[in-house]
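Below, chains carry the letters A, B, ... as their sequence lines are ordered, and counting in each starts from 1.
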Amino acid sequence: MKELDVEEGQEVVMRFAPNPNGPPTLGSTRGIIVNSEYVKKYGGKFIIRFDDTDPQTKRPMLEAYDWYIDDCKWLGADPDEVVIASDRIPLYYDYANKLIKLGHAYVCFCDGADFKKCKDAKQACPHRDASPEENLKHWEKMLSGEYEEKSAVLRIKTDIQHKDPALRDFGAFRIVKTPHPRQEIADKYCVWPLLDFEGAIEDHELGMTHIIRGKDLMDSEKRQGYIYKYLGWKYPKTTHWGRVKIHEFGKFSTSGLRHAIEEGEYSGWDDPRLPTIRALRRRGIVPEAIRKFMLDMGVGETDISISLDTLYAENRKLIDSGANRYFFVWDPTDIDITGTEPCIATPSLHPAEDRGNREIEVGPKLYVCKEDAEKLSIGSRIRLKDLYNIEITSLEPLQARYLDDSIVSVKKERMKIIHWAPVNGMPVTVLSPEGEFRGIGEKQIATELDNVVQFERFGFCRIDDVGKGIVAYFTHK
RNA sequence: GCUCCGAUAGUGUAGUCCGGCCAAUCAUUCCGGCCUUUCGAGCCGAAGACUCGGGUUCGAAUCCCGGUCGGAGCACCA
């Protein structure tokens, strides 16, 4: 991580400020991890602030507040303080009042399009020059609900002639009569602050020293700068980063995902196909891997498009030694073996770590993957891993005869080694981003609930349920 | 239309502020080889980049100007 511009002995205060209109995704995680990491590095305070001031367009989701806190903790970014903007509306009203009195804000009754016309022409709208007293009166009426939605808005005066149209008089409060989803707030307010206002006030009130945010918010600093100037405040130091696109997920929006989930297209916010933290957790991605992934990305202003392979590579290093090995035969087909007695196979739980062995009952019939079976022909000699060697005697039905146990002959003949499953195994369903895999696995997988295991020749999976059958979430190869 | 920002290997990233130590770092990916009763992993090796054009300079990835490409803002979204 790059050094932050920190003054001698200064404690840093940084924040992550999401709108809880859905659960955290891999995208939001960058903000959680990088901000909290800087706070850890320099000492100070990490605040999570819910910018939930839009009850309508980007309506917050009640469950998401806790999801954010929970995922932050899981990621090792436990916030020192949690602030909810919708709890602090009176604070914003106070400052609005102050700015109106100072003549820096006015209630504008222009239609959106009309105002844009004025603004584009660098001209003040008819309401800009109203006196503070008049504006105060109008403001009170706004607050008491006398005006309809869209009929009035409180604007901050900047410089209507500014060469950058993005910086000319911006909106600070608008009227929204849809109740807020939080019960304790509900219809308490009908005037809600916009991001640039709410954020400006909060960043100062909470004593923010540094802000890292997306470069789409670069103009915010300049807009908010006017508020800071009017109130005599000092603006925090800012850093910006570009957009992150994940190859595997392409474009998605929280509202789009929400819709797709409601439509039943996904099983929920933790569907393994989704880029949410909840989904990655369920798949057995460990926090440390996500942290490393995010930290390695740095904080450049370039827009980036990164592959999850990097995340998977980090995760693999972390889970490999802890993951026990098991046989899972997807798309199974059975094979009859003659010339040998029933026995117990004892493959080891891990090829490198000494954790003992599993036990599998072996009878005259076994399952193997169809894709392995299809490569066989009569006379093929193969090794059933950790069991014995066989020679194929028939394809339809698939039959073989026992050859010997010798691993030496496997090496000498360069026999193909395949895995298998017993006929009394457990049904296994693997849910992965690419879809579902069904098959049969060893019974002992049932002892691994909630653990990440490796299904040999398949990949790592987190065992999610062992009730009726096994349900596993695919982690990665 | 106006305004702002960015550009280093396939993908990320270091270096850019304060020009020489950069024939450019690290990770991932890909390709070989070793090892392994799976697949990872591990070990060894290899490939691969300074957006373009000018300028300043003894010397430019680094400074300046211009072009190109990409992104963003100009919301009563965050």
Side-chain angles (χ1 to χ4, degrees), chain A residues 2 17-21 50-54 56-60 85 108 110-113 115-116 119-120 122 149-155 162-168 170-176 191-196 198-199 213-220 222-223 240-245 247 254-255 292-293 295-317 319-321 323 325-327 347-348 350-352 383-389 406-408 410-411 415-420 454-460 475-477:
Chain A
K2 269 184 202 160
N19 174 4
N21 62 338
F50 291 107
D51 283 349
D52 60 345
T53 54
D54 178 5
Q56 209 165 54
T57 320
K58 287 193 176 170
R59 190 175 172 77
C108 173
C110 289
D111 178 78
F115 181 78
K116 184 171 165 48
K119 188 183 63 179
D120 286 348
K122 297 188 178 180
E149 286 188 7
K150 307 242 175 203
S151 66
V153 55
L154 186 79
R155 288 187 197 287
H162 200 286
K163 66 170 181 169
D164 183 349
L167 303 187
R168 299 174 200 152
F170 62 93
F173 287 86
R174 81 314 205 173
I175 301 167
V176 178
V191 172
W192 289 90
L194 271 334
L195 177 74
D196 277 327
E198 180 263 334
R213 61 182 161 204
K215 67 176 184 181
D216 51 319
L217 263 30
M218 266 180 159
D219 288 339
S220 277
K222 295 179 194 147
R223 277 192 290 260
H240 300 95
W241 52 41
R243 286 204 168 247
V244 183
K245 205 163 72 190
H247 286 165
T254 306
S255 53
K292 184 132 197 313
F293 180 67
L295 262 14
D296 279 353
M297 223 149 67
V299 289
E301 283 188 20
T302 321
D303 295 326
I304 57 175
S305 179
I306 195 167
S307 164
L308 244 26
D309 284 346
T310 314
L311 172 66
Y312 294 158
E314 294 303 338
N315 199 64
R316 192 178 292 123
K317 285 179 202 166
I319 62 169
D320 181 61
S321 64
R325 269 56 173 172
Y326 292 98
F327 290 155
S348 74
H350 195 282
R383 170 72 171 188
L384 294 175
K385 186 170 185 287
D386 298 304
L387 188 57
Y388 44 58
N389 309 327
S406 166
I407 197 67
V408 179
V410 171
K411 290 185 176 167
M415 276 185 213
K416 171 116 176 117
I417 299 163
I418 66 168
H419 70 293
W420 47 276
Q454 188 197 55
F455 287 152
E456 301 199 28
R457 302 212 299 144
F458 182 77
F460 293 91
T475 313
H476 47 64
K477 285 208 167 173

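Within a 6.0 Å radius of NZ in K477(A), no more than 12 heavy atoms belonging to other residues, nucleotides or ligands are found.
R59(A) has no side-chain polar atom (N or O) that falls below the 4.0 Å cut-off from OP1 or OP2 of C77(B). For S220(A) and G73(B), the shortest distance from a side-chain N or O to OP1 or OP2 is not below 4.0 Å.
Among the atoms of the strands shown, base atoms are found under 4.0 Å from some heavy atom of L217(A). Using a 4.0 Å heavy-atom distance criterion, D386(A) is classed as a base contact. Contacts of I306(A) with the nucleic acid, taken as non-hydrogen atoms under 4.0 Å apart, involve only primed sugar atoms and P, OP1 or OP2. Here S321(A) lies out of heavy-atom contact (under 4.0 Å) with every strand. The residue I304(A) sits close only to the backbone: its heavy atoms come under 4.0 Å of sugar-phosphate atoms, none of a base. Within 4.0 Å of S305(A), counting heavy atoms only, lie sugar-phosphate atoms of the nucleic acid but no base atom. Contacts of R213(A) with the nucleic acid, taken as non-hydrogen atoms under 4.0 Å apart, are absent. Base engagement by P351(A) is indicated by at least one non-hydrogen atom pair under 4.0 Å involving a base atom.
For F173(A) and H350(A), each mapped to the nucleotide of RNA chain B holding its nearest heavy atom, the one lying further toward the 5' end belongs to H350(A). For the pair D303(A) and D52(A), both in contact range of RNA chain B, the more 5′-proximal nearest nucleotide belongs to D303(A).
Computed from coordinates, the E456(A) CD to U36(B) P distance equals 16 Å when rounded to whole Å. Rounding to whole angstrom units, CG of residue L195(A) and C1' of A78(B) are separated by 5 Å. As a whole-Å value, the separation of R243(A) CZ from U11(B) P is 20 Å. Rounded to whole angstrom, the span from the CG atom of L295(A) across to the P atom of A27(B) amounts to 16 Å. L311(A) has its CG atom 18 Å from the P atom of A27(B), to the nearest Å. Taking atom CE of M297(A) as the reference point, atom P of U28(B) lies 17 Å away to the nearest angstrom.
Between R383(A) and M415(A), the closest heavy-atom pair is N-SD, 4.1 Å. Taking each heavy atom of K119(A) and P165(A) in turn, the nearest pair found is CD-O, 3.8 Å.
Residue V153(A) places its side chain closer to C76(B) than to any other of C76(B), U28(B), U11(B). Residue R223(A) places its side chain closer to G73(B) than to any other of G73(B), A78(B), U29(B). Closest to the side chain of K116(A), from the set A72(B), U28(B), A75(B), is A75(B). Picking from C77(B), U29(B), U11(B) the nucleotide with the shortest atom distance to the side chain of R174(A) gives C77(B). Among the nucleotides U11(B), U28(B), A78(B), the one closest to the side chain of K317(A) is U28(B). Of all nucleotides listed (A78(B), A75(B), U37(B)), A75(B) comes nearest to the side chain of K119(A). With A78(B), U13(B), U37(B) as the candidates, the nucleotide lying closest to the side chain of D51(A) is A78(B). In this structure, of A27(B), G15(B), U11(B), it is G15(B) that holds the atom nearest to the side chain of K2(A). Picking from A41(B), C76(B), A78(B) the nucleotide with the shortest atom distance to the side chain of D320(A) gives A41(B).
Rounded to the nearest Å, the gap between the C1' atom of G33(B) and that of G71(B) is 43 Å. As rounded to the nearest Å, A9(B) and G55(B) have C1' atoms that lie 28 Å from one another. Comparing C26(B) with G48(B), their C1' atoms sit 15 Å apart, to the nearest whole Å. Taking the C1' atoms as reference points, C30(B) lies 14 Å from G45(B), given to the whole Å. G32(B) sits 36 Å from G70(B) when the C1' atoms are compared, rounded to a whole Å. Across A46(B) and U37(B), the matching C1' atoms stand 30 Å from one another, rounded to whole Å. Separation of the P atoms belonging to C22(B) and G67(B) is 34 Å when rounded to the nearest angstrom. Using atom P as the reference point in both G10(B) and G6(B), the two lie 23 Å apart (nearest Å).
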Item to complete: Test M297(A) against W241(A) for side-chain contact (heavy atoms from CB on, under 4.5 Å), laying out the working first.
Response: CA-CA 10 Å; M297(A) 223 149 67; W241(A) 52 41; over 6 Å; no
Practice prompt. In sequence, state the C-alpha distance, the side-chain angles, and the governing distance for D296(A) and E314(A), and then conclude on side-chain contact (heavy atoms from CB on, under 4.5 Å).
Written response: CA-CA 11 Å; D296(A) 279 353; E314(A) 294 303 338; 4.3 Å; yes
Practice prompt. Determine, step by step, whether D111(A) and K116(A) satisfy the salt bridge (charged side-chain N to carboxylate O under 4.0 Å, His left out) criterion, reporting the C-alpha distance in whole Å, the side-chain angles of both residues, the deciding distance to 0.1 Å, and the verdict.
Written response: CA-CA 9 Å; D111(A) 178 78; K116(A) 184 171 165 48; over 6 Å; no
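Across all strands shown, G1(B) forms a Watson-Crick or G-U wobble pair, both distances under 3.5 Å, with C74(B). Base pairing annotation: C17(B) forms no Watson-Crick or G-U wobble pair, as no partner gives both donor-acceptor distances under 3.5 Å. A27(B) is paired with U11(B) under the Watson-Crick or G-U wobble criterion, all donor-acceptor distances under 3.5 Å. When both pairing distances are held under 3.5 Å, A46(B) makes no Watson-Crick or G-U pair with any nucleotide shown. When both pairing distances are held under 3.5 Å, G6(B) makes a Watson-Crick or G-U pair with C69(B).
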Enumerate all atom pairs, one protein N or O and one N or O from nucleotides 47-50 of chain B, separated by less than 3.5 Å.
none

Produce the list of close N/O pairs, under 3.5 Å, pairing protein atoms with atoms of nucleotides 2-5 of chain B; give distances to one decimal.
residue, atom, partner, partner atom, Å
C2(B), O2', K163(A), O, 2.9
U3(B), O2', D164(A), OD1, 3.4
U3(B), O2', D164(A), OD2, 2.5
C4(B), OP1, K163(A), NZ, 3.1
C5(B), O3', E301(A), OE1, 3.4
C5(B), O2', E301(A), OE1, 2.7

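Distance check, rounded to the nearest 0.5 Å: NE2 of H419(A) to CZ of F458(A) gives 9.0 Å. The NZ atom of K58(A) lies 11.5 Å from the CG atom of D51(A); values are rounded to the nearest 0.5 Å. Atom OG1 in T53(A) sits 9.5 Å away from atom CZ in F173(A) (nearest 0.5 Å). Taking CG of D386(A) as the reference point, atom CD1 of I407(A) lies at 8.0 Å (rounded to 0.5 Å).
The main-chain N or O of A166(A) is never found under 3.5 Å from a side-chain atom of R168(A) such that the two would form a donor-acceptor pair.
The pair D54(A)-R174(A) meets the salt-bridge criterion, with a side-chain N (NZ, NE, NH1 or NH2) lying under 4.0 Å from an Asp/Glu carboxylate O.
Checked options F460(A), F327(A), Y326(A); the residue passing with F455(A) is Y326(A) (criterion: side chain to side chain contact (heavy atoms under 4.5 Å, CB included)).
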